[in-house]
Amino acid sequence: MPAAAALMISSVQKLVLYETRARYFLVGSNPAETKYRVLKIDRTEPKDLVVIDDKHVYTQQEVRELLGRLDLGNRTKIGQKGSSGLSRAVSAFGVVGFVRFLEGYYIVLITKRRKMADIGGHAIYKIEDTNMIYIPNDSVRVTHPDEARYLRIFQNVDLSSNFYFSYSYDLSHSLQYNLTVLRMPLETLKTETTQTRQESFDIFEDEGLSTQGGSGVFGICSKPYEKYVWNGKLLEAVKNTVHRDWLLYIIHGFCGQSKLLIYGRPIYVTLIARRSSKFAGTRFLKRGADCEGDVANEVETEQILYDASVMSFSVGSYSSYVQVRGSVPLYWSQDISTMMPKPPITLDQGDPFARVAALHFDQMLQRFGSPIIILNLVKEREKRKHERILSEELVAAVTYLNQFLPPEHAIIYIPWDMAKYTKSKLCNVLDRLNVIAEGVVKKTGFFVNRPDSYCSILRPDEKWNELGGYVVSTGRLQTGVLRTNCVDCLDRTNTAQFMVGKCALAYQLYSLGLIDKPNLQFDTDAVRLFEELYEDHGDTLSLQYGGSQLVHRVKTYRKIAPWTQHSKDIMQTLSRYYSNAFSDADRQDSINLFLGVFKPTEGKPHLWELPTDFYLHHKNTLSLSQTKQSYTYWWTTGVLKHLPLPFDEVACPENRRKLTVKKFHKYDEEIDIHNEFFRPYELSSFDETFCLAMTNSTRDFMPKNVGIDPSPFTVRKPDETGKSVLENKSNREETVLQRKTAASAPPPPSEEAVSSSSEDDSGTDKEDEGAVSQRSTPVKVTDAGDNTKITENVVQSTKDVYGVNLSDVPSEEDLTIYTRFVQLGQSQHKQDKSSQQLCSKHHLDRVINLVPISAFSQDNIYEVQPPRADRKSIEIFHAHIQAGRGDMQPLGKDDFLMYREYIRNRYL
């Protein structure tokens, strides 16, 4: 049976901008170039944006005729062939938006993209390059002296740095939300569609709705979550006038994907980080929260695990886990004018009723449900009060808010001084974090779209039975979320999130039936792969907020970091300090302009003339709010009624209004993810295929020696790996250097020395490293004089390489068998020669007689007869194809008997 619903795929993925003197014509098409849409942009208005979308779907022939008429009609002289009236300006892959400063509007187009991940056939792309085009014609342009400066500030936001988009998958929502929408009952969608057509409600599209009963599939497109959309303001001018396929929402943060091969079975591990566009900024300039409850450096991190052998959302196996980081939700800041590495923390406003914290946790209850778990990693014991100021205020706010919540949905507060434990030689930081992670995952659960395996029922695990979350007939839902913070939410937070993610990954693998116990150990290929993803994730987020890469990594807290790491940590700290002191102000201005927090207006102060941006982010300073928030009932109406489920995922009329529903034929291109993923109309090159180029646990992490257990869950020795996990991208020859100096190297720095370099989270931006892939295999660069020593280390015995010691002399019995084999071959060769001589006597007209040596009657490369497959093989192949399309065949009696026999022999 076809799926009840599917995600809609945008039909505008290839764009060409055509130019005349009076108009821009933006022609968009689907990848197969069978459907086209056209936008007309007026160039005669000096300051207004006039965009016309006729909402008509053109064929390729119609578009050619349209462009031909436009070209002919815009020539200077009728019938003139020398000059073209319509010129092609640029090709693109999407529209970021439209922006205006003091003159006319600009259009921002994506001109280069790169595939970064794949979730169930839905591609996720990274923006590689953009083009900003001024719309008004030169003849009507009204110049302004400050326009160029605003343009330069706007372009300081590098759109080619960690901005992502998808044509079909909503990146602003979690996998749990996206699949929950698809699981909505078919009867509900039919009812909503019927009511829509009667009431003429404009959320559901009436065009193309089929009345053919069960032959159609409902396409669903959800409204993006505005907090994580970074071009919302840029699309605001055209959002209500153009078709939804033109609107391409982008997120900022991180996206990485690796392939975990379990005996050949491909499991994709994906990490997506969504950075909030509310109260966004740089490290010291954005601290705490604004008046609406949005906090600085708020990032939602989601790890997605799925079996890539079946990519359908309806029958595939998918799992995800979400956690959040963000600044402490209070009014606080740090003054950087003192030029101190650690400026003093000050509380800017008194908040006795925890109004800001209430707004923040209300948002989290709506999006994630309960329980909300706070892991506070700031210092608790200090000679001079610094970080402890935040802990005391946060405890008071949580205690106040909890007295009005039902006890079963109360906010859980976990304080843990991670810096203190790091300095202690008697305590293992990661062991303590692992205990916290187990408790957190048991309370929140995780998302999986399939019910518990039968093997879990036969062999129940104690940890599995204690797992929380919300169990439904189709699987499990994550209820609640872990919110981790330190002062900067960078180094300590990333390590804590990694440990929680590692614990959740074990449960995810167990739920998909891939491991027998929900437990993963360090130094396995699976954990090394996951650790590398998290290190990339932490470095990227640290560069965006703090101006440098991570200082303290997982290896630092495991106390196995190399001795050279300490000097690198110092350089990262200095780089971060330089960035915070000299470049953060310019970056903050660019972010404010890009996100529309500041809008240039004639006659008002310019952006660079403002002494502070405090009033831009705190709107209550400019006008008083007409509605006052309750001091006791601080949550949104209706949220408590559905807890522990998140209110945003409940099937209520308010949430249904956020959906666009349209009915398609089941083979329509707008919902056919098989056609979208495989692109049968394009020539595929294996060199450019994403799934072959991505990081692979077998190729990049598994040792290359024969006889090694290929399981990615086997613990390896430190030197048994195909790749160093946290290798420095700029110094590829460091591995060789460490081997030479291993005997004389001093011991690693003590934990006191490591933690004293920067208890505040720090890191640095590496120069000339962007072109080098972090996951590429390191290349050793050595001098000619070292060739002899390296050869001695590289040459291995035949036993290590082939698994057999070839130096042993064969036994007498083996030599006898080999001699007989040679004699048989020689006699066969003589027989062939004699038969050939007889044939030459009968066929004198031929010099040589060629006899087919294969089973085919025609032995050439142009014409062969394919072997015949029996009926059972054909049935098995058809069943495999139907399973890929989502049509599962019921199990027969023989299947059940075979499975029972297997269980009886294996476990009973």
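Here, residue 1 is the first one in the sequence, and each next residue gets the next number. Hydrogens, waters and symmetry mates are skipped; everything else that's a heavy atom, side chains included, is used.
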Q) So, are D290 and K278 salt-bridged, with charged N and O less than 4.0 Å apart? A) no
**Q.** Residue pairs fulfilling salt bridge (charged side-chain N to carboxylate O under 4.0 Å, His left out) with at least one residue in residues 227-239, sequence neighbours excluded
**A.** K227-D294, K227-E298, K233-E236
Q.
Strictly by salt bridge (charged side-chain N to carboxylate O under 4.0 Å, His left out), give each pair with a member in residues 128-139 just once, sequence neighbours left out.
A. R114-E128, K126-E128
**Q.** Salt-bridge present (K35, D668; N to O < 4.0 Å)
**A.** yes
**Q.** Residues that H144 engages under ring pair (Phe, Tyr, Trp, His ring centres under 6.0 Å), provided they are two or more places apart
**A.** none
(Q) Under the rule for ring pair (Phe, Tyr, Trp, His ring centres under 6.0 Å), what residues qualify as partners of F677, not counting sequence neighbours? (A) none
Q | Ion pair R88/E19, N-O distance below 4.0 Å | A | no
Q: State which residues pass side chain to side chain donor-acceptor pair (under 3.5 Å) with N592; sequence neighbours excluded, sorted by chain then number.
A: Q588, D613, H617
**Q.** Those residues that, when tested against F647, pass ring pair (Phe, Tyr, Trp, His ring centres under 6.0 Å) (two or more places apart)
**A.** H642
Q | Qualifying ring-ring contact (aromatic ring centres under 6.0 Å, His included) pairs, either residue in residues 11-34, two or more places apart | A | none
Q.
Per the ring-ring contact (aromatic ring centres under 6.0 Å, His included) rule, what does the pair list look like for residues 91-119, sequence neighbours excluded?
A. F101-Y106, F101-F154, Y106-Y134
Q: Report yes or no: is the cationic atom of R283 (NZ for Lys, CZ for Arg) closer than 6.0 Å to the six-membered ring centre of Y545, at no more than 45° off its axis?
A: no
Q. For residues 93-105, which residue pairs qualify under salt bridge (charged side-chain N to carboxylate O under 4.0 Å, His left out), counting only residues two or more places apart or in two chains?
A. E103-R141
Q: Would you please name every residue forming a salt bridge (Lys or Arg N to Asp or Glu O under 4.0 Å) with D118, sequence neighbours left out?
A: K115
(Q) Taking the ring centre of each residue, are Y150 and H606 less than 6.0 Å apart? (A) yes
Q: With sequence neighbours excluded, tell me which residues meet ring pair (Phe, Tyr, Trp, His ring centres under 6.0 Å) with Y58.
A: H56
Q: Go through the structure and list residues passing side chain to side chain donor-acceptor pair (under 3.5 Å) with D48, not counting sequence neighbours.
A: none
